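Here the structure is laid out as structure tokens; the discussion comes afterwards.
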2 protein chains.
Amino acid sequence: MLENITGDVDFIENLRGKSATFILALSNTKTYEIEGITQAGIPGMIHLTPTLDSEFVTTGTVRSLVNIAETPKGVPTPALITRAVHLLHPFKNIQLLNLGLEVEPKVDYFKIYNFSIKPSDSIDKGANIDANAIFQKGLKFGQDYQCSDDYIILGESVPSGTTTATATAVALGYDCKDKFSSSFKDVPNNIRETTIQKALQNITKEDDLFAILSKVSDNMQIFVAGFILGLNNKIPLILAGGTQMASVLLIVNKILEVMQGELNTSNLALATTLWVVKDQNSDIKGLLELLDFNINSYNSDFSFDSSNHPALKLYDEGEAKEGVGAGAALVYGMLNGLTTEQITKQVESFLL
Amino acid sequence: MLENITGDVDFIENLRGKSATFILALSNTKTYEIEGITQAGIPGMIHLTPTLDSEFVTTGTVRSLVNIAETPKGVPTPALITRAVHLLHPFKNIQLLNLGLEVEPKVDYFKIYNFSIKPSDSIDKGANIDANAIFQKGLKFGQDYQCSDDYIILGESVPSGTTTATATAVALGYDCKDKFSSSFKDVPNNIRETTIQKALQNITKEDDLFAILSKVSDNMQIFVAGFILGLNNKIPLILAGGTQMASVLLIVNKILEVMQGELNTSNLALATTLWVVKDQNSDIKGLLELLDFNINSYNSDFSFDSSNHPALKLYDEGEAKEGVGAGAALVYGMLNGLTTEQITKQVESFLL
């Protein structure tokens, strides 16, 4: 079942049966090196998470490490969900965006777009992003982008991305700190708070919008904000993610405000998981309501209720909530007739 | 399972796995105001039936009224079947034709074609249709129509449409009065007979084909006849309906006869429900055999045999037989691997 967060169902209902290109935006920020800030990946190997996620979604195998990324308590990556949906009702195309990876995914045939972007530094040390250059690359990519399918689903894999998202939105002046999520159930507020505080302290009064983004954000968010503006509503686009994609929209919103621009968002939407929507520690709806434009947003009612697998029960308990486009993949599955039972079985088959 | 009514299976077998645009032709004829003539809708709200049907098929919700159309004994609209199939194996596009609605459907994103056509009057008062103008609009629409999918399924929702269909075919000189169906199990022959007799009495010897249609038909039938001729076999077209779509074909047949034209019908077919095929009060096969051209026609063997839901058992007892493209939707579902059990479960889920 599909559920509405904001807007109405017509946008998504009109995409039933239509073909989708799934784009995965991948980047590394060294923010992940701060101990305890993320559980998205294997300890000591967290920088590989986006690389492994993209290898697994595209090919069903991980090439850059022996085992698939598991979080400390054995919670697997949401890439399992995205891959399960892709096996049951395939995306017509999967494309990867290398927005500053430490290790490039080892896959052939799938289109990997390279933009000569380096991993960004930790935000507690100023990130050191050339935000304007990355934004321009995203803008141009959106302007030039030709989609051979009916619509685009754009997901991300950025370890510690919820921290950089929170820092970004707060730094842009939105009153939203407690509206953000993390991949931890017991949100490590102290470490995140400290990191975000340190990041914000690097900002000076003279910093304009892009100077701020250069210090506190990550490559994925800045690039995707540019991509949205460059695409300019010409193709239906579903941002696949929770609070990180909400932060991207807040960047777009701020750019429009600063530049006194307008954007038709009738072809733009966000889709995420039920876990994000139900999260007590964040408020996706509240974040989207901060925008000055209308946005359609959705979640599926998928959960692992019917599964007895201990690793999967942890999703329902809030250990892993979103990532690698899992929420939008579930929405795409539901749009195309897949059932919760089918998807659950497929994910379970990866864990045997 | 698919079953053949006339022609052979090759046309429909060749459409397995191909993508479909589902077009819903909607119109109001004030014939519905004659008490007891139709049960297609909510008493007092029957004029809303095509509007609500189209809202439900496209979005899963009804916007122009609180509750979905139910017939007096609790038989829901066949729109439930069409929607169920769409959820399980989506049509790639759904488009609506406003051929004279009292209330326009409240849906966004889905294409609604408007033709500036008004609802027609009751046929017992002469209908007052500009049949030639509506035919020309259908013809041009067919000539210009670009389909982005492999074939078209064209359904209808016209309350009291079986009465106008019967009147039309009889008025055109076909010996077929007892070959027509209605949405009542206990066909209200007296009211229908009286209405049809009154309609026929308005016809004079001077009336040509279009003058006759102007008095006894409905917008949907005249427009779709034009559409078929305008499309001229360029795209596979499945007429989704029972005796009403047979009447449309009888109009096409008469036009070809009068104009001494020919139509290649190799890409034209009709698909309907088992309930229509089994109906003791009508004869779909007999109607199609009145045509001077060959036509492939089909039904699925779908019934609610396996359901215990009282409202759904009524379909099997003949209370509701066809409409909103339900028969062709079932054929489309079977063509794409859906089972009777899946469809039944999905329909039942709407009634919880």
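For clarity, every value in this text was computed on a predicted model and none was experimentally measured. Numbers restart at 1 for each chain; the letters A, B, ... are given by sequence-line order, proteins then strands.
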query: Under a 4.5 Å heavy-atom cutoff, which of A:Asp150, A:Ile12, A:Asn267, A:Leu2 has the most pairs with chain B?
result: A:Asp150

message: Please find the pair of heavy atoms, one from B:Lys92 and one from A:Ser19, that lie closest to each other, and give the distance.
response: CE-N, 4.2 Å

message: With a 6.0 Å cut-off (strictly less than), is the heavy-atom count around NZ of A:Lys278, excluding the residue itself, greater than 12?
response: no

query: Would you find more than 12 non-hydrogen atoms of other residues, nucleotides or ligands less than 6.0 Å from A:Asn4 atom CG?
result: yes

query: Above 12 or not: heavy atoms from other molecules or residues under 6.0 Å from CG of A:Asp144?
result: yes

query: Checking A:Thr339 against chain B: side chain, backbone, both or neither under 4.5 Å from a heavy atom?
result: neither

task: Mind listing the closest non-hydrogen atom pair of A:Phe11 and B:Tyr109 along with its distance?
output: N-CD1, 3.3 Å

message: Is B:Thr59 in contact with chain A via its backbone, its side chain, both, or neither, using a 4.5 Å heavy-atom distance?
response: both

- request: Side-chain contact test, heavy atoms from C-beta onward, threshold under 4.5 Å: evaluate it for B:Leu87 versus A:Met334 and give yes or no.
  value: no

message: So for atom NZ, which belongs to B:Lys345, do other residues, nucleotides or ligands contribute more than 12 heavy atoms lying within a distance under 6.0 Å?
response: no

- request: May I ask you to check whether over 12 heavy atoms, not counting those of B:Lys140, lie within 6.0 Å of atom NZ?
  value: no

- prompt: Quick one: do B:Arg63 and A:Asp10 make a salt bridge, cutoff under 4.0 Å?
  reply: yes

Over 12 non-hydrogen atoms of neighbours within 6.0 angstrom of NZ in B:Lys18: yes

- prompt: Going from CD on A:Glu13 to NE2 on B:His86, what distance comes out if it is rounded to the nearest 0.5 angstrom?
  reply: 6.0 Å

query: About how many Å separate CG of A:Leu15 and CG of B:Asn93, when rounded to the nearest 0.5 Å?
result: 10.0 Å

field: Structural part of B:Phe110 lying under 4.5 Å from a heavy atom of chain A
entry: both

